[in-house]
There are 2 protein chains.
Amino acid sequence: MDNNEDKRYTSDEELTNLALSRGIFFHTSEIGSDNISGFWEYGPVGFRIFNNLLTQWRKLVNSMNGVEISGSVVLPKKVLQASGHEDNFFDMEIACVKCGSVYRVDKLLEEKENSRSFEGLSEGEYLNYIKEYGIKCAKCGGELGEIKKFGTMFPLKIGEDVQGYLRPEACQSIFLDFKRVFDTSGRKFPLVIAQVGKAFRNEISPRNNLIRQREFYQNDIEIFFVEDNFELKEDYTVQIYDKEKNNTMNVNISAALSDGTIKNKVTAYALSKIYGFLLSIGFDKDVIRFRKLYEDKAFYAEESFDLEIKKGDSWVELVACNHRGIHDLSSYEKYGAKGMNIDSNIPKVFELSMGTDRLFYLLLLVSMKKDSERRWLSLDSKISPFKYAIFPLVSKDGVDSKASEIFENSVYRDDILYSDSGSIGKRYRKAEEIGVRLAFTVDYESLENETVTIRESDSMKQFRISINYIDIITKEFESNSFDQLKNKYEYH
Amino acid sequence: MDNNEDKRYTSDEELTNLALSRGIFFHTSEIGSDNISGFWEYGPVGFRIFNNLLTQWRKLVNSMNGVEISGSVVLPKKVLQASGHEDNFFDMEIACVKCGSVYRVDKLLEEKENSRSFEGLSEGEYLNYIKEYGIKCAKCGGELGEIKKFGTMFPLKIGEDVQGYLRPEACQSIFLDFKRVFDTSGRKFPLVIAQVGKAFRNEISPRNNLIRQREFYQNDIEIFFVEDNFELKEDYTVQIYDKEKNNTMNVNISAALSDGTIKNKVTAYALSKIYGFLLSIGFDKDVIRFRKLYEDKAFYAEESFDLEIKKGDSWVELVACNHRGIHDLSSYEKYGAKGMNIDSNIPKVFELSMGTDRLFYLLLLVSMKKDSERRWLSLDSKISPFKYAIFPLVSKDGVDSKASEIFENSVYRDDILYSDSGSIGKRYRKAEEIGVRLAFTVDYESLENETVTIRESDSMKQFRISINYIDIITKEFESNSFDQLKNKYEYH
């Protein structure tokens with residue numbers, strides 16, 4: 001790897017170290033020895049970034065003329081029976097007969113043969129592979145024994161006797177609420193319903209920090225439609241990876257639709273929407289690809305792509321893009337949900353389902369930069385946890401009160417990092433490490449001529465501007481380069 | 001009750017009817033006969049209002065110089081042992097020996113003697129009261145039998161063998177994360193940490209719609225401090241209800257602090273903050289009171305008030321305002337949490353803990369108005385689900401495209417209700433029923449002279465303005481009356 005590669009692909013360890021030292025994210029429940037793996041929390045800085053991501057995602061939903069709901073995370077058994085989760089949501093485990101260590105069978109096999117998926121095979125097929133590859137216990141070398149099923153939903157009892165589960169996905173509420181939303185929103189098809197919320201899976205071995213958790217946020221967009229007459233208003237050249245043909249194409253979405261690589265108009269529409277969203281929040285084109293699914297897609301899906309993000313030398317699934325047909329609404333209808341058909345048509349559904357924590361984590365991974373001197377997060381202004389930082393050079397002689405005054409009067413009052421303790425150099429480093437793009441320093445000269453120094457984190461370039469321009473320049477920085485702003489606003 | 005009273009105190013039934021017909025909130029999981037009580041969802045309109053409430057609450061947190069985190073809802077057993085919940089979080093149930101109906105004992109007793117609380121008594125005390133009051137089964141008249149404990153936390157198993165619970169309150173994460181936030185935020189005391197998120201209680205009999213749910217949102221503000229040197233910057237005349245003295249005082253918070261009704265400066269500070277917040281989002285002074293707690297406060301609390309909202313002829317707890325002393329941090333420290341003391345001091349904590357759904361529900365209850373002709377929600381502009389509505393009078397002749405153009409170009413693009421179907425009268429009604437304060441109607445005259453009709457929902461008054469002023473007048477409406485705007489902006 002050359003230096004550029006080094007800079008882009010931060011390691012999980014480097015990011016986690018930064019996150020811990022700056023309160024971005026950390027383990028849940030750090031009490032005694034009872035830490036439980038697979039649970040993470042967002043600290044003050046992380047949660048600001050997380051909320052900015054949601055704000056941008058809501059703009060995406062709005063651009064699709066969508067509405068947002070918020071449903072319960074506890075659901076009765078019947079919902080998860082109707083959805084098929086109760087029958088299908090489990091992992092196959094295998095235990096060492098000697099030391100008792102437990103492994104997830106498909107992951108054991110994937111470690112042996114990285115390029116294929118071993119999900120969803122039968123018990124017998126798994127045992128054959130275990131034998132074929134000669135897999136033993138990684139801890140003690142003992143034989144691996146029988147395979148058993150391990151349910152990955154969390155069951156719980158509601159009241160004294162009603163069986164329920166924590167939802168394993170956020171989408172169930174959307175399907176069940178579809179009729180209510182359709183009737184009360186006064187909208188026609190396509191009807192886009194979105195939701196962000198927690199979902200829960202009792203993973204055997206949670207890992208990779210925020211990538212595979214037991215409790216996680218998910219943000220879903222479900223497009224309900226009867227006729228597939230979607231128009232492609234935004235076209236992009238995207239990477240489509242086709243495992244069956246073992247090639248990666250760089251192709252316009254419209255061209256992929258024409259040549260049949262993408263089958264449905266709704267798919268082309270949805271892929272362009274989610275792709276545009278990821279570009280807008282700071283992912284580069286070359287770290288995004290669509291993986292076309294074949295036999296590895298869900299049995300009911302008419303067409304599926306996984307949007308994947310490059311992480312080091314592998315690709316991680318970020319968004320499931322599934323044409324689900326009438327599967328969900330008709331299943332729920334069979335189980336007694338009313339009004340799932342409109343004018344005798346059961347609407348079809350296209351889903352864009354994303355792990356919100358994955359989005360957060362992968363964006364930070366590709367945004368973390370380092371050189372010999374420092375490390376920093378290069379986040380888009382829209383995602384940065386603060387619009388800007390204000391630092392009084394010293395905490396005396398009126399310099400601090402001038403800085404406070406600017407802070408209090410800013411239109412961005414609630415989105416400014418104000419800090420007056422420690423050396424100015426350390427304050428710059430801290431702001432850079434949490435992704436604040438601009439810092440304004442108030443000094444003695446500010447008291448004389450009403451100017452401050454503006455400094456860009458990425459380049460560490462700086463110049464002086466009039467105090468009056470602080471909010472304006474912050475706004476313009478979203479669509480202009482720092483050098484352009486210098487030409488326009490530098491104080492002489 | 002006179003007519004004014006009628007208008008203010010909407011019944012639960014009236015609000016629920018409105019909510020169902022307009023997609024504001026509704027039951028979770030309406031599938032077959034398996035609906036489970038105590039679970040509700042927010043529809044598109046409700047969730048917009050809900051999010052606006054959170055935005056205002058975040059401004060409150062900011063005004064306290066606070067930070068916000070997001071923690072897990074699944075917590076290991078040890079955390080709930082340390083917090084005391086495992087030993088204390090249960091209800092006493094009593095069952096009919098004849099028909100098996102189950103009742104919550106304290107609620108049965110409260111129904112007999114409404115003015116006192118029966119929470120937290122011993123089994124023997126409860127049985128004596130049941131006997132004394134001669135309470136029988138409400139359903140069959142049978143004798144009530146033995147009392148048993150019913151744990152109100154939801155237990156679940158993490159991985160294969162770790163015992164955990166869904167958190168019964170949102171505050172535990174804040175206490176456990178205190179040290180990380182203190183160390184990484186670079187802030188000094190007082191340190192204010194806030195969180196909003198779901199909490200869960202397995203209520204025996206959930207009721208009153210969003211008031212007592214099994215799954216609910218809670219928003220907490222915890223003020224960590226070492227020295228109580230808080231200043232009262234905002235003073236208010238508030239109602240303080242003192243059950244022990246059986247009187248309600250109208251008193252300045254500062255005066256209550258001077259005469260010892262309020263003991264601690266931090267309490268006076270926190271009460272003024274939460275009171276100002278409730279006024280700012282639309283609660284009237286006369287529906288808010290602070291109930292001073294005595295023997296009914298938690299054993300560890302140094303000082304407690306319940307902020308209550310008038311609902312019909314009773315008062316409902318909305319915010320627990322508790323001076324918790326060093327109870328929480330020292331408990332967690334005993335159980336092995338590290339760094340709970342700073343410079344050998346365990347910080348004290350003052351808590352403002354609110355049920356977010358209650359806030360939402362009670363605000364809607366006091367905001368719903370009706371007269372012989374219509375019903376409407378009179379919400380503050382900051383809380384209204386949309387900044388304004390745009391209605392083309394007809395969907396032809398360019399009137400509709402003019403309306404679309406205004407919609408697309410508005411600075412409030414993502415916060416506008418646009419509707420072109422149905423009669424204009426029905427569209428006005430719908431906007432009024434979901435709390436949209438202003439509607440702009442585009443008609444043939446708009447095409448000639450670039451003006452539209454502006455209409456206020458509360459008064460149904462209207463006048464014409466230039467299209468250029470739509471966004472400006474919307475902004476100014478937050479602090480000006482409709483008549484003031486008419487004087488300033490009416491088109492002649």
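The chains referred to below are lettered A, B, ... by the order of the sequence lines, with proteins before strands, and numbering in each begins at 1.
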Asks: Testing the basics here: between Thr184(A) and Arg22(B), what is the closest heavy-atom pair and its distance to 0.1 Å?
Replies: CB-C, 3.7 Å
Asks: In Å and rounded to the nearest 0.5 Å, what is the OG to CZ distance from Ser70(A) to Phe25(B)?
Replies: 13.5 Å
Asks: Minimum heavy-atom separation for Glu215(A) and Val74(B), please, with both atom names.
Replies: OE1-N, 3.0 Å
Asks: Could you grab the distance from atom CZ of Arg214(A) to atom OG of Ser72(B), nearest 0.5 Å is fine?
Replies: 11.5 Å
Asks: So which residue, Asp177(B), Leu20(B), Leu176(B), Leu156(B), ends up with the most heavy-atom pairs under 4.5 Å with chain A?
Replies: Asp177(B)
Asks: From Ile158(A) CD1 over to Phe154(B) CZ, what is the distance, rounded to the nearest 0.5 angstrom?
Replies: 6.0 Å
Asks: Considering only heavy atoms, which portion of Asp415(B) lies under 4.5 Å from any heavy atom of chain A: side chain, backbone, both, or neither?
Replies: neither
Asks: What option among Tyr332(B), Phe175(B), Phe150(B) has the most heavy-atom pairs under 4.5 Å with chain A?
Replies: Phe150(B)
Asks: Pick one of side chain, backbone, both or neither for Lys179(B), based on which atoms fall under 4.5 Å of a heavy atom in chain A.
Replies: neither
Asks: Does any heavy atom of chain B fall under 4.5 Å from the side chain of Phe50(A), the backbone, both, or neither of them?
Replies: neither
Asks: Highest number of heavy-atom pairs under 4.5 Å with chain B: which of Gly422(A), Ser173(A), Ser421(A), Gly46(A)?
Replies: Ser173(A)
Asks: Determine the option with the most heavy-atom pairs under 4.5 angstrom with chain B, choosing from Gly159(A), Gly164(A), Gly71(A), Gly43(A).
Replies: Gly159(A)
Asks: So that I can tick it off, tell me whether Arg58(B) and Asp414(A) are bridged by a salt bridge, with the cut-off set at under 4.0 angstrom between side-chain N and carboxylate O.
Replies: no
Asks: Report the distance from atom CD of Gln195(B) to atom CD of Glu41(A), rounding to the nearest 0.5 Å.
Replies: 7.0 Å
Asks: Give the member of Ile193(B), Val67(B), Ile434(B), Asn62(B) that has the highest number of heavy-atom pairs under 4.5 Å with chain A.
Replies: Asn62(B)
Asks: Checking heavy atoms, do the side chain of Gln172(B), its backbone, both or neither come under 4.5 Å from chain A?
Replies: neither
Asks: So which part of Pro155(B) gets closer than 4.5 Å to some heavy atom of chain A, the side chain, the backbone, both or neither?
Replies: backbone
Asks: Relative to chain A, which segment of Phe200(B) carries a heavy atom at a distance below 4.5 Å: side chain, backbone, both, or neither?
Replies: side chain
Asks: Does any backbone or side-chain atom of Ala82(B) lie under 4.5 Å from a heavy atom of chain A? Answer side chain, backbone, both or neither.
Replies: side chain
Asks: Evaluate the side chain to side chain contact (heavy atoms under 4.5 Å, CB included) criterion for residues Leu166(A) and Leu166(B): first the C-alpha distance (whole Å), next the side-chain angles of each, then the deciding distance (0.1 Å), finally the verdict.
Replies: CA-CA 10 Å; Leu166(A) 290 181; Leu166(B) 290 180; 4.0 Å; yes
Asks: Measure the CG-CD distance between Asn51(B) and Glu68(A) for me, rounded to the nearest 0.5 Å.
Replies: 6.0 Å
Asks: CZ of Phe26(A) to CD1 of Ile69(B): how many Å apart, nearest 0.5 Å?
Replies: 6.0 Å
Asks: Give the member of Val181(B), Thr152(B), Val73(B) that has the highest number of heavy-atom pairs under 4.5 Å with chain A.
Replies: Val73(B)
